[in-house]
Structures are given as structure tokens and as C-alpha cells.
Amino acid sequence: MAGELAPLAQAFFAATPELSLQALGSGVHVPSLDLAPHGIPVTHLLAEHNAELARQYLTLNQLAFGGIGVPRWVLSDLYLLPGAIGLLRCPARLLKAPARERLLLADEELAIGAACYVAPSLTPGLFVGVSLFSFLPGRGASAWVKLLTLGMVRAKRLRGITQWDNPAVRVHSRLGPMRLVGRVPGGHDYDERTFVYETDLSDEARVARAMCREEGAPSSATRIPVTDLLSLGALLDRAEAGARLELVPPGQDDGHVLVRELPPG
Ligand SMILES: CC(C)(COP(=O)(O)OP(=O)(O)OC[C@H]1O[C@@H](n2cnc3c(N)ncnc32)[C@H](O)[C@@H]1OP(=O)(O)O)[C@@H](O)C(=O)NCCC(=O)NCCS
């Protein structure tokens with residue numbers, strides 16, 4: 001039975017018909033994937049036979065993340081062997097300038113416009129958000145590639161890492177409230193402003209409402225400047241001690257994050 005997200009996904013692709021959904025990964029995992037998440041067909045490309053596409057992914061990942069872009073061996077060992085990367089592909093002419101220039105493709109050649117990789121974890125149903133990028137601004141491409149990739153791998157929960165001041169907080173909160181988990185296990189290059197969050201994907205109707213931004217931020221949400229690292233660090237201390245704190249959609253607004261505390265559960 002088609003759920004609440006299928007018509008929204010269809011509307012997204014109808015708005016930019018040049019976009020298609022693909023996956024790049026090892027053939028062994030194909031039977032484990034849902035190749036029509038929310039009704040959108042996925043073309044699975046075998047990483048074993050698509051080295052050129054993997055190289056394009058590597059180039060764009062390194063462009064998007066700069067100094068902390070994925071090293072090539074990590075791409076092979078920890079992305080393509082254990083899982084599959086979700087890709088939105090489109091003619092190269094649609095890409096933002098730095099990506100178009102870096103790839104050196106003709107306008108109509110197919111390029112990766114946005115991509116998401118979530119890694120499987122030891123806990124069934126729980127995936128870890130590893131890399132999300134988009135060179136197709138203003139279309140909601142990264143929220144959609146993230147949601148469809150999570151559908152493709154049949155994720156029920158997502159744990160991800162981001163920064164208070166990263167515009168991506170608005171993207172992540174498109175999938176619903178971001179429960180604060182705490183600091184990054186093992187530390188992070190941007191430790192002082194980075195945190196771990198969890199998104200619950202089990203209620204499709206709730207995810208659909210968040211994708212549409214149907215519910216504005218509750219008036220009870222506290223606004224904390226993304227630069228107030230002392231207060232934000234204190235929130236992480238409390239989250240690690242068991243407090244139920246979450247960033248509520250739209251997550252970030254005018255240099256602030258929007259935080260809500262839930263009663264003990
Ligand atoms: C973050 C990123 C994935 C967003 O890509 P995108 O989906 O094409 O971006 P969009 O233009 O659709 O914008 C997504 C949201 O971010 C907001 N946004 C984008 N750039 C912004 C900026 N500079 N400042 C504030 N908000 C911004 C948009 O307003 C939009 O919010 P809305 O959906 O609530 O309206 C992309 O910029 C990127 O690849 N960044 C580098 C890699 C990265 O940081 N990844 C995330 C790691 S956690």
C-alpha cells in the first residue's frame with residue numbers, strides 16, 4: 001500500500017523530470033534493497049563495473065567536504081563493499097558551477113547531482129548517516145536523496161553527525177525532529193560545534209508532515225544562537241545524561257537552533 005510519502009516523492013521528480021534515482025554498490029546486497037522506495041524506481045549500478053561513476057562520486061565528495069572528503073580506500077572498503085550510495089543523477093548542465101567545472105562533462109552527459117550514503121550498523125534497522133551532498137541547490141535535492149536512500153536500505157532509525165551552524169540542519173530536520181544524542185564517539189575535526197542526533201523514521205505520516213514543513217516550530221521551542229557553544233555544549237551534557245532534547249523542524253532559523261525538551265519518557 002502506497003504511503004503518505006509516495007505522492008510527495010512523485011511531485012519532487014515531476015518538478016525536475018531530468019532527475020533519476022540510482023544506487024551504486026556491491027551486487028551482493030541487491031536482494032536486500034528496496035528498489036522502489038516510496039514508489040520511485042531505483043536503477044542499481046554495480047560498483048564492480050562502474051569505476052568511472054565511483055571516481056565521479058569521489059571527486060564530488062571531496063569537493064563538497066574539502067579537507068574531510070572521503071579517501072578512496074574508505075569509499076571502496078566502507079561504502080561500496082558493505083552498502084550502496086543513493087544518487088540523484090541529472091544532465092551536467094543542472095549542476096552548480098564548481099561541480100560542473102570539476103567534472104568536465106558535456107552539458108547533457110549524466111552527472112551525480114546529489115548523493116547520500118548511510119552505513120549499516122550492528123543494531124538492526126539503525127543506519128549511520130555518513131555523507132550527504134548536493135550540487136543542485138534550491139530544489140530540496142539533498143532531503144529527497146537522503147529520504148529515498150534511507151527507504152532503499154529499509155532504515156528505521158538514523159544516527160547522524162552534523163554541526164550546529166551547518167545549513168544541513170535544515171535538511172536533516174526535513175525528516176522530522178532530531179533527537180540530541182551527544183558528542184561524537186572518538187571526537188571530530190570540528191569537535192566544538194559537532195553533535196550526534198537521531199531521527200526516528202518509523203512513522204511515515206510524521207516524516208511526510210516534516211518533509212512538507214506542515215507544522216511550524218512550536219512556540220515552546222527555545223532559540224539558541226549557533227555560536228553559543230557553551231549553552232549548546234551544556235545541552236549535549238544533558239542529552240548524554242538522559243534528558244530528552246530535540247531540534248524541532250525547521251531545525252535552524254536565522255542563526256539559531258530550535259530546541260525542545262520532552263518530559264522524561
Ligand atoms: C547542505 C547541502 C547538502 C544542502 O544541499 P541542497 O539540498 O541542494 O540545498 P537547498 O538549496 O535545497 O537548501 C536546503 C535547505 O538549507 C537552507 N540553506 C541552504 N544554504 C544555506 C545557507 N548558506 N544558510 C542558511 N540556510 C541555507 C535552505 O534554505 C533550505 O532550507 P529549507 O529546505 O528549510 O528551505 C549542500 O549545501 C552541501 O552539499 N553542503 C556541503 C556538504 C555538507 O555539509 N553536507 C552535510 C553534512 S552534515
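One-based numbering, in listed order, for ligands and for the atoms of each. Note that the coordinates shown come from a computational prediction; the quantities given were computed from them, not determined experimentally.
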In this structure, which one of L53, L24, L88, L136 forms a side chain to side chain contact (heavy atoms under 4.5 Å, CB included) with I112? L53
Distance check, rounded to the nearest 0.5 Å: F133 atom CZ versus S142 atom OG? 11.0 Å
Let's go through Q22 and R89 carefully: what are the C-alpha distance in whole Å and the side-chain angles of both, what is the deciding distance for side-chain hydrogen bond (donor to acceptor under 3.5 Å, both in side chains) to 0.1 Å, and is it a yes or a no? CA-CA 7 Å; Q22 301 194 340; R89 295 189 78 200; 2.8 Å; yes
Residues lining ligand 1 [heavy-atom distance under 4.0 Å, listed by chain and residue number]: A64, F65, L132, F133, S134, L136, P137, G138, R139, G140, A141, S142, I161, T162, N166, P167, A168, R170, V171, H172, R174, R213
Could I get the full list of ring-ring contact (aromatic ring centres under 6.0 Å, His included) partners for Y79, not counting sequence neighbours? Y117
Give me the atom names and distance for the closest heavy-atom approach of L158 to G129. CD1-N, 3.4 Å
Distance alone, cut at 3.5 Å: any donor-acceptor contact between the side chains of Q163 and T194? yes
